[in-house]
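Heads up: the structure comes next, in structure tokens.
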Amino acid sequence: MTQQILKNRLGTPYFNDVTTDLQCCLPEGLIIYSYTGRIWLGGSQRPTDILYIERVSAEIEAVPTILAEGDIDLTLVSVGASEQLQAGAKGTKVAGNYRDQSFSGYLSLIPINSDYQYLIMIASTTLAEEERQRSICLSVQDALLVAA
């Protein structure tokens with residue numbers, strides 16, 4: 001196991017995906033706390049923030065309307081229409097529960113290469129921060145696209 005993968009598990013802002021060979025430092029004070037092989041969970045220095053990154057197939061064409069129906073203690077549904085973002089990415093507002101806490105957030109689908117893309121969600125248990133969450137999600141998108 002590489003030192004960078006160990007750092008992902010120890011709560012650093014460094015994102016490393018061996019499968020896509022993508023490495024970058026996450027913006028906006030975001031930190032990864034755990035890694036499950038294709039899913040990274042984290043947050044920020046604000047205890048109300050939630051970060052979710054999942055590597056998915058490039059065959060997915062739209063932002064999912066339902067994501068994680070209880071696995072990893074996460075339930076997530078889309079609450080708005082999907083919008084087209086830069087570089088072929090798409091995003092939507094979402095709401096859900098994580099470990100019995102309600103949250104709202106922004107979820108984007110970011111194409112990285114011909115085989116993979118990432119679902120990225122920034123959410124908060126402090127509701128009504130949608131524009132902040134969208135802005136942070138776009139910052140993560142930019143960091144990943146620059147690294148790709």
Partners passing side chain to side chain contact (heavy atoms under 4.5 Å, CB included) against A147 (at least two apart in sequence or in another chain): L22, C24
[X] and [Y]: which non-hydrogen atoms are nearest, and at how many Å?
X    : Y    : value
C137 : I120 : SG-O, 3.5 Å
V79  : A95  : CG1-CB, 3.8 Å
G91  : V63  : N-CG2, 3.9 Å
M121 : F103 : SD-CE1, 3.6 Å
L51  : I53  : CD1-CG1, 3.9 Å

Hey, does the side chain of [X] reach the backbone of [Y] with a donor-acceptor pair shorter than 3.5 angstrom?
X    : Y    : result
Q117 : S57  : yes
R55  : G37  : yes
S108 : I110 : no
Q141 : Q86  : yes

For Q84, does the CD atom have more than 12 heavy-atom neighbours from other residues, nucleotides or ligands under 6.0 Å away?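 Counting neighbours around CD of Q84, more than 12 heavy atoms of other residues, nucleotides or ligands fall under 6.0 Å, so yes.
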Within 6.0 angstrom of N113 CG, more than 12 heavy atoms from elsewhere: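 Buried by this count: over 12 neighbours within 6.0 Å.
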Should [X] and [Y] be regarded as members of a common hydrophobic cluster, given that ILVMFWY residues are connected when their side-chain heavy atoms come within less than 4.5 Å of each other, either directly or indirectly?
X   : Y    : answer
Y35 : Y116 : no
V56 : V94  : yes
L26 : W40  : yes
L85 : L145 : no

As a quick check of understanding, evaluate side chain to side chain contact (heavy atoms under 4.5 Å, CB included) for Y52 and L41, giving each step before the final call. CA-CA 5 Å; Y52 175 93; L41 294 174; 3.5 Å; yes
Between L30 and I122, is a side chain to side chain contact (heavy atoms under 4.5 Å, CB included) present by the stated rule, with each step listed? CA-CA 10 Å; L30 296 172; I122 305 296; 3.9 Å; yes
What's the spacing between L109 CG and S82 OG if we round to 0.5 Å?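 Separation between the atoms: 8.0 Å.
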Distance from R134 atom CZ to T92 atom OG1, nearest 0.5 Å?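 One finds 10.5 Å between CZ of R134 and OG1 of T92.
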Begin from the C-alpha positions of I32 and N16 and carry the test side chain to side chain contact (heavy atoms under 4.5 Å, CB included) through to its verdict. CA-CA 10 Å; I32 295 171; N16 179 36; over 6 Å; no
Apply ring pair (Phe, Tyr, Trp, His ring centres under 6.0 Å) to Y118 and list each qualifying residue two or more places apart in sequence or on a separate chain. F15
Holding to salt bridge (charged side-chain N to carboxylate O under 4.0 Å, His left out), I want the full list of residues that pass it with K90, two or more places apart in sequence or in another chain.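 With neighbours one apart ignored, the set is empty.
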Going by the rule side-chain hydrogen bond (donor to acceptor under 3.5 Å, both in side chains), which residues pair with [X] if we only count those two or more places apart in sequence or in a different chain?
X    : answer
E28  : S139
Q45  : none
Q101 : none

